[in-house]
Amino acid sequence: MRRQIIAGNWKMHTTRAEAIVLTEAIKQAFASYDGEREVVLCPPFTSLSAVADLVGDTAIGVGAQNMHYESAGAFTGEVSPLMLTDIGCEYVILGHSERRQYFGETDALINKKLQAAFANAITPILCVGESLAQREAGETLSFIKAQLTAGLTQITAAQVSDMVIAYEPIWAIGTGKTATAAQAEEVCKAIRQTVAVLYDTATAEAVRIQYGGSVKGSNAADILSQPNIDGALVGGASLKSEDFVAIING
């Protein structure tokens with residue numbers, strides 16, 4: 001059985017003080033949590049260390065929202081894998097559509113970051129997803145298969161088995177629009193089938209696939225009940241402890 005994983009992507013929100021308050025609230029609610037789902041918080045870089053310290057005595061994991069592929073160097077403004085592991089970071093979100101759209105990240109660059117994450121024992125959450133125009137043109141599955149094929153270059157079957165893939169339709173991120181459970185399941189199933197073609201059935205059955213895109217307490221249960229959806233990558237709803245906890249319990 002694949003263990004479902006709920007990750008909160010706080011994006012460019014929360015000061016350090018706000019992150020501490022939010023983490024404490026989630027931690028308090030999590031103290032009585034007896035479910036099977038894994039929980040990960042992904043705050044901004046400036047709050048990573050504080051959040052990691054706060055959840056160090058719990059089962060809550062910590063992830064970064066991005067990283068550079070080099071361990072060190074003259075890369076002003078970047079954060080390396082070694083810097084992340086030094087503060088106890090276990091996960092990193094890579095290839096989010098906002099990184100691709102606003103910062104020009106390509107599949108080739110994201111692939112280098114994936115390789116660096118594995119080299120430094122950080123579990124990557126690889127994001128894939130289509131635009132509204134691509135969905136309306138019937139290009140969703142072919143586009144995502146191409147993203148996966150390029151992104152997973154030189155990544156081994158064992159590594160894929162240990163990573164997380166997040167399906168985040170661009171048209172549903174921060175828009176209030178959510179893919180129906182059936183739409184999300186269709187694409188997540190196709191992702192698993194693509195992994196089976198690129199690797200093998202065992203790898204496809206092992207990899208965890210999340211859905212992300214306006215996930216909230218009211219729709220989480222339906223989405224998370226789908227056979228090929230192994231969790232959620234949560235944006236706006238992860239900034240309110242009660243909403244995030246509702247999704248965890250969904």
* To do: Apply side-chain contact (heavy atoms from CB on, under 4.5 Å) to Glu78 and list each qualifying residue two or more places apart in sequence or on a separate chain.
  => His68, Phe75

Student check: side-chain heavy atoms of [X] and [Y] closer than 4.5 Å:
X      : Y      : value
Lys11  : Glu98  : yes
Thr14  : Ile20  : no
Ile209 : Ile229 : no

* Asked: In a check of side chain to side chain donor-acceptor pair (under 3.5 Å) between Asp230 and each of Arg192, Arg37, Gln4, Gln210, which one passes?
  -> Arg192

* Not counting sequence neighbours, list each pair that qualifies as a salt bridge (charged side-chain N to carboxylate O under 4.0 Å, His left out) and has a residue in residues 201-215. => Arg2-Glu205, Glu38-Arg208

Got a donor-acceptor contact below 3.5 angstrom from the [X] side chain to the [Y] backbone?
X      : Y      : answer
Gln226 : Asp222 : yes
Ser238 : Gly8   : no
Asn111 : Thr153 : yes

Measuring from atom [atom1] of [X] to atom [atom2] of [Y], what distance do you get when rounded to the nearest 0.5 angstrom?
X      : Y      : atom1 : atom2 : result
Ile6   : Phe244 : CD1   : CZ    : 7.0 Å
Lys216 : Ile223 : NZ    : CD1   : 8.0 Å
Cys42  : Leu48  : SG    : CG    : 8.0 Å
Leu41  : Leu22  : CG    : CG    : 7.5 Å

Do [X] and [Y] pair up side chain to side chain, a donor and an acceptor below 3.5 Å, judged on atom types alone?
X      : Y      : result
Gln134 : Trp171 : no
Glu185 : Asn228 : yes
His96  : Glu168 : yes

* List for me each residue that meets ring pair (Phe, Tyr, Trp, His ring centres under 6.0 Å) alongside Tyr33, sequence neighbours excluded, and say none if there are none. => Phe30

* **Sidechain N-carboxylate O distance under 4.0 Å for Glu105, Arg100** => no

* **Test: Lys112 cationic atom under 6.0 Å from Tyr69 six-membered ring centre, within 45° of axis** => yes

* Whether over 12 other heavy atoms sit under 6.0 Å from Lys27 NZ -> yes

* Asked: Hey, is CD on Gln28 packed in by over 12 heavy atoms from elsewhere, all under 6.0 Å?
  -> no

